[in-house]
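Here is the structure we will look at.
Proteins get letters first, then strands, A, B, ... in listed order; numbering begins at 1 in each. Values below: all heavy atoms of this structure, side chains included; hydrogens, waters and symmetry mates excluded.
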Number of protein chains: 2
Amino acid sequence: MRHNAVMLELAILGFLHDAPLHGYELRKRIAALTGHVKPVAESTLYPAIKRLEKAGLLARRTRPGVGAAPRHVLTLTAEGRAELRRRLAQPADIDITDENRWFTVLAFLRHLDDPSAQAEVLERRMAFLRQPSSFFYEGDRPLRAEEVEDPFRRGILTIARATSQAELSWLRRTLHTLRAAADD
Amino acid sequence: MRHNAVMLELAILGFLHDAPLHGYELRKRIAALTGHVKPVAESTLYPAIKRLEKAGLLARRTRPGVGAAPRHVLTLTAEGRAELRRRLAQPADIDITDENRWFTVLAFLRHLDDPSAQAEVLERRMAFLRQPSSFFYEGDRPLRAEEVEDPFRRGILTIARATSQAELSWLRRTLHTLRAAADD
DNA sequence: GAACAATACATCGGCTACGATGTATCGCGC
DNA sequence: GCGCGATACATCGTAGCCGATGTATTGTTC
């Protein structure tokens, strides 16, 4: 399955786990979550809903629309909830490394109600952030911001480092809390 | 044209502006630049090269491979260089808002040799980062990290804020330098 | 009362992504 | 001398992306 599809489907499953919603409302929530960075087209959302319905992960009931066309209220099935947890517990590598996808995982990680399973996912992100990697190399050696002439490329490295540090410190704090919760 | 394609093509044009390269070497450079976040498949790169060649943006010469198949050394044409500058000067909105794409733009922005044109692009990013937006809303009001219960969603907001601040401070510094350069 | 925006869903078609697979050469280790 | 990995490029097919467009209703603005 395509990677974008995976993330969109995760968002659909995640939002529906909270409450049954119709497509149009789902669209607005997804737009709020990821739309300011990368908008989702209607013609991408509705086919995705159909796929999930066909796979038995969600069910639809028709309700009269509020001053408009009838709504298709969508509800997660038991398989849908199980699938959501499976996807949250075992995200693909790209869902860990790509910030957009990672944020989507984080947005719904609370649905994975086992603290140690949540911690495992955070640890994968931590391992990724810790490995010494750059955007620019001299042979095999990753270059640091100070070694790059070009101010724009230097900016990339400066910003990436700041993000990395902020996130690592958040990860350490949160993992500490999760481990304490797991010990209860 | 598709958005991913746009970014891949920008990277190809950008790397070739520095020096003629063959496809395999191009692939390694792109992998270094964006691969740790989002790998590019060979079967995506080669068709992209073909598209650009067909559009007259690059030319290929065949050279014997070093212990392997013959290399197709790729060179930017005059139109290719013009097109690169056009794309750098007028990136689509999504190239400004999506961090992955934004970093790709930054990686080659130096090829836009007019400081005030470079500053214009940075200003678009600054305007985006400044607008009050969140990932979560109460009605229309964006929620701040402190107002969110869920520790993972809180994490998203905390990290996004740290990134935003680091980047804004870099943008301000760099814009200052660019404006000084433009005044000369 | 006519246009227009918002609500609400849907399809079509062209293009793109990318895993799988194929082709070919060279060097290295066993 | 045989497999394996690196170099180097290419195609095919499935499936997803998304702009354009369509349909229908209600409320609001000129």
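- Distances shorter than 4.0 Å separate none of the side-chain N or O atoms of A/Y24 from OP1 or OP2 on C/dC9.
- Atom CG of A/L26 is separated from atom C1' of C/dC9 by 13 Å (rounded to the nearest Å).
- Put simply, the residue from A/I96, A/T97, A/L168, A/T163 that forms a side chain to side chain contact (heavy atoms under 4.5 Å, CB included) with A/L129 is A/L168.
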Can you check nucleotides 23-27 of chain D for protein contacts, nitrogen or oxygen pairs under 3.5 Å, and list what you find?
from: D/dT25; atom 1: O2; to: A/G67; atom 2: O; distance (Å): 3.3
from: D/dT26; atom 1: O4'; to: A/G67; atom 2: O; distance (Å): 3.3

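- Between the side chains of A/E167 and A/W102, at least one donor-acceptor pair of N or O atoms lies under 3.5 Å.
- Between the CZ atom of B/R61 and the P atom of D/dC9 there is a distance of 13 Å, given to the nearest Å.
- Within the structure, every side-chain polar atom (N or O) of B/H22 is placed at least 4.0 Å from both OP1 and OP2 of D/dT7.
- By the 30° and 60° cut-offs, the orientation of the rings of B/F103 relative to A/F135 is perpendicular.
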What is the per-nucleotide protein-contact pattern of nucleotides 11-20 of chain D, from the 5' end, where B denotes a base atom under 4.0 Å from a protein heavy atom, S denotes such proximity for sugar-phosphate atoms only, and - denotes neither?
B--B-SBBBB
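- Here the rule is side chain to side chain contact (heavy atoms under 4.5 Å, CB included) with A/E83, and of A/R85, A/R86, A/E79, A/R81 only A/R86 fits it.
- Residues A/V40 and B/I94 do not share a hydrophobic cluster, clusters being chains of Ile/Leu/Val/Met/Phe/Trp/Tyr side chains in contact below 4.5 Å.
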Intermediate values then yes/no, side-chain contact (heavy atoms from CB on, under 4.5 Å), B/L10 and B/L88:
CA-CA 8 Å; B/L10 184 67; B/L88 286 172; 3.9 Å; yes
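- Dashed line: the shortest gap from a side-chain N or O of B/R60 to OP1 or OP2 of D/dA10 is under 4.0 Å.
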